[in-house]
Trainee: 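Structure incoming, see below.
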Amino acid sequence: MKKTSGRKKSLALVLCLSFSMMLSACGGGNNNNAAPTDPPAATTSPTADNTEKATTAPSTEPSGSPLELAMKGDYKGTKVTMFGPFVDADQVKFENSIKEFEEKTGIDIQYEGSKEFEATINIRVDGGNAPDIADFPQPGLLASIAKTGKVIDLTSVLDQAKLTANYNKSWLDMSNMDGKDGKIMAGIWNRSNVKSLVWYPKKQFDEAGYKVPETWDEMMTLTEQIAKDGDPAWAIGIESGAATGWPATDWVENIMLRTTTPENYDKWVKGELPFTSPEVKNAVEVMSKIWLNKDYVYGGAKSIVTTSFGDAPAPMFNNPPKAWFNMLGNFITSFFPETAKVDVDYDWFYLPPIDPQYGKPVLVAGDIYAMFNDRPEVRAVMEFFTTGESIKSWVQSGGVIAPMNDASLDWYTSESDRRMAKLVQDASTLRFDGSDLMPGKVGAGTFWKGMTDYVSGTATLDQALEQIQSGWNN
């Protein structure tokens, strides 16, 4: 019995080995040259009524967009670095706007703000130390970096149908830039502001019997009247660290839109209309009638260069005011006294038109977020930034306009902000901040420095314009 049992086991072993060798020969074994296999085909399984139904193996891929997966906690414990220009009050508002997202997802957005952002971002990107996400207040600066091929193309990263539904086409058009090998979607817009606003101390302005001017001539007449009453009308400052000079560009851009055609403005932004042209020189001369008049500017022209743009409005809130007007975008309210109430203590009026033939143009700006490192959690954060929810608390705190369509008007807590939205809707011409669209070496370079040199008196107007134009020539 023992011998018989041994023979059966030996025979069974031989048969098993033979069968295994046949399968190996048919399947190709470890043949590295074998053609790739197709995905598993659907199988059939009999049902109770003996019919066959197709069944597919369950997918192991996570379902949902990166943002949806993040909300489920899939990226909990990860970190996303971000670098941008938000500092002081703006940094607090930004960090408050992302706090709830961080708590829900477990993603830590490590934000670093710097007044030297424009001067530093190129160094970090070139040095291989780019943040996961960077906030560019100058699309032109981003455009320069996009050409190097170091910016992630968001075309396939973000759902384009969702973006089309949530943004006006003009915003998406402005996010398309030249990459290393063709057009790319270089970023997404998260924050916008209106830059054709003149801020004033409303309560005391009304008490003084002053009237909001409807035309440029009326504004100049009021400026002269305030000077005769003993005060300089304008509070102006352009100091901003490495970015000193940028507020002056806002003035030139606004005046360009009021003294020449939108087509000329577009040519100027593209470098086709030089800074040395009569149109641009005229715009600076119009500005100079206010800026270089010692009776019109608080502290005189010399103080403009040394006064921080955020500190400039302070004299408006003295009692009585020592200055009455400050022309900057709606973000400037972040620098107003915390006790000052919008629509009561301060308000704004639209910077009036100069030539009626150019209607009522409005200058806008915004922040575009670019992605430098492609990881799931970074994609989730970028997708979050395309939603109105990502900026809701900032909108509610005032000083910013959301460019997304899903941002409710009910979020705006002041009549002032709602008027801004109406101003943009009714604008006869809407243009993006010119210096922000120019290449970084011009818009965030020679334009800033040239205007600073001119206002400080170290360069004549012609010299300053030639200096600014050299940024294009080089």
Side-chain angles (χ1 to χ4, degrees), residues 140 195-196 198 216-217 219-220 223 232-240 243-297 300-307 309 312 325-329 351-355 358 361 363 365 429 431-439 441-473:
K195 308 194 82 173
S196 298
V198 179
W216 193 273
D217 286 343
M219 186 179 75
M220 293 303 295
T223 296
W234 294 89
I236 306 172
I238 64 172
E239 192 281 321
S240 185
T244 294
W246 71 259
T249 69
D250 284 5
W251 275 76
V252 177
E253 291 152 4
N254 267 297
I255 296 172
M256 281 287 289
L257 288 173
R258 287 158 175 74
T259 56
T260 190
T261 64
E263 291 75 19
N264 274 342
Y265 182 90
D266 295 339
K267 290 179 180 178
W268 174 54
V269 167
K270 295 176 182 177
E272 298 170 5
L273 182 71
F275 273 85
T276 52
S277 70
E279 291 86 352
V280 181
K281 184 175 182 179
N282 175 64
V284 180
E285 288 175 338
V286 170
M287 182 192 84
S288 300
K289 291 179 180 178
I290 294 176
W291 284 45
L292 301 187
N293 189 319
K294 62 181 179 61
D295 296 327
Y296 291 174
V297 178
K302 294 291 184 181
S303 71
I304 293 176
V305 175
T306 58
T307 301
F309 75 92
F325 302 144
N326 178 258
M327 201 287 287
L328 274 179
L351 184 67
I354 296 176
D355 190 330
Y358 302 123
L363 187 71
T429 301
R431 285 295 186 272
F432 199 87
D433 184 296
S435 63
D436 288 353
L437 291 176
M438 294 173 185
K441 62 185 178 181
V442 181
T446 56
F447 199 176
W448 290 353
K449 188 177 187 307
M451 292 307 299
T452 300
D453 289 348
Y454 170 61
V455 177
S456 67
T458 60
T460 65
L461 177 54
D462 288 336
Q463 289 171 337
L465 294 175
E466 288 174 2
Q467 176 187 343
I468 299 171
Q469 183 61 28
S470 69
W472 284 106
N473 298 337

Trainee: Output, in order, the C-alpha distance, side-chain angles, deciding distance and verdict of side-chain contact (heavy atoms from CB on, under 4.5 Å) for Tyr296 and Ile236.
Mentor: CA-CA 10 Å; Tyr296 291 174; Ile236 306 172; over 6 Å; no
Trainee: Got a sec, which residues hit ring-ring contact (aromatic ring centres under 6.0 Å, His included) with Tyr265, two or more places apart in sequence or on another chain?
Mentor: Trp268
Trainee: Please step through side-chain contact (heavy atoms from CB on, under 4.5 Å) for the pair Arg431 and Asp266, ending with a clear verdict.
Mentor: CA-CA 9 Å; Arg431 285 295 186 272; Asp266 295 339; 2.8 Å; yes
Trainee: Does any part of the side chain of Leu363, heavy atoms only, come nearer than 4.5 Å to the side chain of Trp251, both counted from C-beta?
Mentor: no
Trainee: So how far is it from Trp448 CH2 to Thr249 OG1, rounded to the nearest 0.5 Å?
Mentor: 8.0 Å
Trainee: Taking the side chain as C-beta and beyond, is there a heavy-atom pair between Thr259 and Asp355 under 4.5 Å?
Mentor: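 Side-chain contact under 4.5 Å: no.
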Trainee: Which distance, rounded to the nearest 0.5 Å, do you find between the CD1 of Ile354 and the CD1 of Ile255?
Mentor: 5.5 Å
Trainee: Taking the side chain from Ser196 and the backbone from Leu351, do they hold a donor-acceptor pair closer than 3.5 Å?
Mentor: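 No: the side chain of Ser196 does not pair with the backbone of Leu351.
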Trainee: For the side chain of Arg258 and the backbone of Pro352, is there at least one donor-acceptor N/O pair under 3.5 Å apart?
Mentor: yes
Trainee: Please tabulate, one pair per line, all N/O donor-acceptor pairs under 3.5 Å involving side-chain atoms of residues 284-295, not counting sequence neighbours.
Mentor:
{"unit_1": "Ser288", "atom_1": "OG", "unit_2": "Val284", "atom_2": "O", "d": "2.7"}
{"unit_1": "Ser288", "atom_1": "OG", "unit_2": "Tyr454", "atom_2": "OH", "d": "2.7"}
{"unit_1": "Asn293", "atom_1": "OD1", "unit_2": "Asp295", "atom_2": "N", "d": "2.9"}

Trainee: Is the shortest heavy-atom distance from the side chain of Ile468 to the side chain of Met451 under 4.5 Å?
Mentor: yes
Trainee: Which value, rounded to the nearest 0.5 Å, describes the distance between Asp436 atom CG and Glu253 atom CD?
Mentor: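 Answer for the CG-CD pair, Asp436 versus Glu253, is 7.0 Å.
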Trainee: Look at the side chain of Lys302 and the backbone N and O of Ser456, then say whether any donor-acceptor pair between them is shorter than 3.5 Å.
Mentor: yes
Trainee: Okay, side chain of Thr244, backbone of Glu239: is any donor-acceptor separation there less than 3.5 Å?
Mentor: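 Judged by distance alone, no pair lies under 3.5 Å.
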Trainee: Please tabulate, one pair per line, all N/O donor-acceptor pairs under 3.5 Å involving side-chain atoms of residues 271-283, not counting sequence neighbours.
Mentor:
{"unit_1": "Ser277", "atom_1": "OG", "unit_2": "Pro274", "atom_2": "O", "d": "2.9"}
{"unit_1": "Ser277", "atom_1": "OG", "unit_2": "Glu279", "atom_2": "OE1", "d": "3.4"}
{"unit_1": "Ser277", "atom_1": "OG", "unit_2": "Val280", "atom_2": "N", "d": "3.4"}
{"unit_1": "Lys281", "atom_1": "NZ", "unit_2": "Asp462", "atom_2": "OD1", "d": "3.1"}

Trainee: Checking Asp433 side chain against Asp250 main chain: does a donor-acceptor pair fall under 3.5 Å?
Mentor: no
Trainee: We want to know whether Ser435 and Trp246 form a side-chain donor-acceptor pair, criterion being a heavy-atom distance below 3.5 angstrom.
Mentor: no
Trainee: Counting only N and O atoms by type, is there a donor-acceptor contact under 3.5 Å from the side chain of Asp453 to the main-chain atoms of Ala464?
Mentor: no
